[in-house]
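First comes the structure, then the notes that go with it.
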Protein chains: 2
Amino acid sequence: MRRKNLSGAACPIARSLDVIGDWWSLLIVRDALKGTTRFGDFQKSLGVSKNILTRRLRTLVEQGVLEQLPATDGSAYQEYRLTEKGRGLFKVLVALGQWGLESLADTAPVRMALVDRTHRQPVRALEVRAADGRLLEPGQTMMVRAS
Amino acid sequence: MRRKNLSGAACPIARSLDVIGDWWSLLIVRDALKGTTRFGDFQKSLGVSKNILTRRLRTLVEQGVLEQLPATDGSAYQEYRLTEKGRGLFKVLVALGQWGLESLADTAPVRMALVDRTHRQPVRALEVRAADGRLLEPGQTMMVRAS
DNA sequence: CCGTATCCATTCCGATACTG
DNA sequence: CAGTATCGGAATGGATACGG
């Protein structure tokens, strides 16, 4: 049987994972946020084979995360740009990056961190806050039916 | 050939995805944050088959996201509890949940949202801020070598 | 340079049956 | 209830060759 289709799941986390829970998708979005738009640039950056990249790009376009536009440089090719929906994944990637930086043993020779472009200072750690501004720990939250 | 092992990648996002980029892992962590600790409860909640659940739990334990403890209820079985490292994924899940709620068409009959437990008010949208407090858009950030 | 098509290996998942 | 063992099918990824 196929992997469960959870696009209709009540939990928004499950729905999100149904769209970008695949391994490559978020890395493509990461590069797109960095400004990458061209097929070959994605390929070089990710080191993924071309057919896989084609497939991933197509599904991301179908899901409305990316949009395909004629290249602005006059070439006959396409550009892949994030939609507003796709740019919404920025926070997800920041969260993933901060977790990786703080919680994962660094076997990497080089570590990268996200900084503010103008001052080159690290971005603040994300915070989960209540409507009244209190910092929330996991145990202080719960999922309920919305609307 | 195997999927690339990116545990040594420079980018912390890639390293994170190498650990929890799989589809089930974050759903297990989601339930664990909700307080689920028992094998059978995970299984009922996720609707995943038992052998898969066994495998996922084991790798999450190996990676230090969960820890296995003797059950406190006197039964002969195990409990699975989040480590500090695992609890760090809370923000990732909040980000995913907020994205799903705001950006994904809701075909679900029931929508769930994360609320503050005491006031039952929705949690604030996450914000990416610079060290000086400015709100940052994706284009105002960049990845650089950390230390 | 930008993709697509084909083929193959691997991984992953689900169903089922089984043990303690 | 809490797992393990085995099997088959599906999805995924990589290599390569090919066409626009």
Side-chain angles (χ1 to χ4, degrees), chain A residues 1-7 9 14 17-32 35-63 65-81, chain B residues 1-7 9 14 17-29 31-32 35-63 66-81:
Chain A
M1 196 179 287
R2 301 225 337 267
R3 182 168 90 179
K4 272 178 187 45
N5 174 356
L6 292 192
S7 63
L17 288 173
D18 199 56
V19 173
I20 42 79
D22 135 86
W23 200 83
W24 285 115
S25 299
L26 281 178
L27 289 178
I28 292 175
V29 172
R30 175 200 65 178
D31 282 0
T36 303
T37 61
R38 297 295 288 262
F39 187 92
D41 293 334
F42 283 111
Q43 210 224 329
K44 273 193 284 291
S45 164
L46 298 170
V48 62
S49 49
K50 290 188 286 186
N51 53 355
I52 299 297
L53 182 56
T54 299
R55 220 184 297 175
R56 283 289 140 233
L57 288 173
R58 182 162 44 216
T59 65
L60 286 172
V61 168
E62 285 168 1
Q63 287 158 339
V65 172
L66 295 176
E67 56 185 344
Q68 220 174 10
L69 304 166
T72 56
D73 62 357
S75 70
Y77 307 120
Q78 307 290 319
E79 277 185 4
Y80 300 90
R81 293 198 173 274
Chain B
M1 194 180 290
R2 301 228 338 269
R3 182 170 89 178
K4 272 179 186 46
N5 175 355
L6 292 192
S7 63
L17 287 174
D18 199 56
V19 173
I20 43 78
D22 135 86
W23 200 83
W24 285 115
S25 299
L26 281 178
L27 289 179
I28 292 175
V29 173
D31 281 1
T36 303
T37 61
R38 298 295 289 262
F39 186 92
D41 293 334
F42 284 111
Q43 209 223 331
K44 273 194 283 291
S45 164
L46 299 169
V48 63
S49 49
K50 290 189 286 185
N51 53 356
I52 299 297
L53 181 57
T54 299
R55 218 184 300 174
R56 283 289 140 231
L57 288 173
R58 183 162 43 218
T59 65
L60 286 172
V61 168
E62 284 166 2
Q63 287 159 340
L66 294 176
E67 55 185 345
Q68 220 175 10
L69 304 167
T72 56
D73 62 358
S75 70
Y77 306 120
Q78 307 289 319
E79 277 185 4
Y80 300 90
R81 293 197 173 275

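Protein chains get the first letters and strands the later ones, always in sequence-line order, with residue 1 at the start of each. All values below come from the heavy atoms of this structure, side chains included, with hydrogens, waters and symmetry mates left out.
For A:L69 and C:dC2, the CG to P distance is 15 Å, given to the nearest whole Å. The interatomic distance linking B:D22 (CG) with D:dG13 (P) rounds to 12 Å, in whole Å. The interatomic distance linking A:W23 (CH2) with C:dC13 (C1') rounds to 20 Å, in whole Å. Rounded to a whole Å, the CD1 atom of B:I52 is 18 Å from the P atom of D:dA2. The CG atom of B:L46 sits 14 Å away from the P atom of C:dA15 (whole-angstrom rounding). With rounding to whole Å, A:D18 atom CG is found 15 Å from C:dC13 atom C1'. Straight-line distance from the CG atom of B:L53 to the P atom of C:dC12: 15 Å, rounded to whole Å.
Residue contacts for A:Q78: at a heavy-atom cut-off of 4.0 Å it reaches the sugar-phosphate backbone alone, with no base atom in range. At a threshold of 4.0 angstrom between heavy atoms, the contacts of A:R38 are confined to the sugar-phosphate backbone, with no base atom among them.
The listed nucleotides are C:dT4, D:dG14, D:dG3; the one nearest the side chain of A:K50 is C:dT4. Of the candidates C:dC18, C:dA15, D:dG13, D:dG13 carries the atom nearest the A:W24 side chain, counting heavy atoms from C-beta on. Among C:dA15, D:dC1, C:dC13, the nucleotide with an atom closest to any side-chain atom of B:N51 is C:dA15. Comparing atom distances between the A:R58 side chain and each of D:dA15, C:dT4, D:dT12 picks out C:dT4 as nearest. Listed candidates were C:dA15, C:dC2, D:dA2. Nearest to the side chain of A:F39 is C:dC2.
In this structure, the helix from C:dG3-D:dC18 to C:dG20-D:dC1 shows an angle of 30° between the axis at its start and the axis at its end, each fitted on 5 base pairs and rounded to 10°.
Here A:D41 contributes atom CG and A:E79 contributes atom CD; the two are 10.5 Å apart, rounded to the nearest 0.5 Å. Here the OG1 atom belonging to B:T36 is positioned 5.5 Å from the CZ atom belonging to B:F42, to the nearest 0.5 angstrom.
Mapping A:Y77 and A:R55 onto DNA chain D by nearest heavy atom places A:R55 closer to the 5' end of the strand.
With contacts defined as side-chain heavy-atom distances shorter than 4.5 Å, the pair A:V29/A:W24 does not qualify. Contact annotation: the side chain of A:Q63 approaches that of A:L60 to within less than 4.5 Å [non-hydrogen atoms, C-beta and beyond].
Side-chain polar atoms of A:Y80 and A:Q68 form a donor-acceptor pair below 3.5 angstrom.
Screening A:D22, A:L57, A:I20 against A:I28 for a side-chain contact (heavy atoms from CB on, under 4.5 Å) leaves a single residue, A:L57.
Taking side-chain N and O atoms only, B:R56 has a distance below 4.0 Å to OP1 or OP2 of C:dC13. Put simply, A:Y80 has a side-chain N or O that comes within less than 4.0 Å of OP1 or OP2 on C:dG3. Applying the 4.0 Å criterion to OP1 and OP2 of C:dT4, one finds that A:T54 has a side-chain N or O inside that range.
Salt-bridge check for A:D31 with A:R38: failed, with every basic side-chain N at 4.0 Å or more from each acidic carboxylate O.
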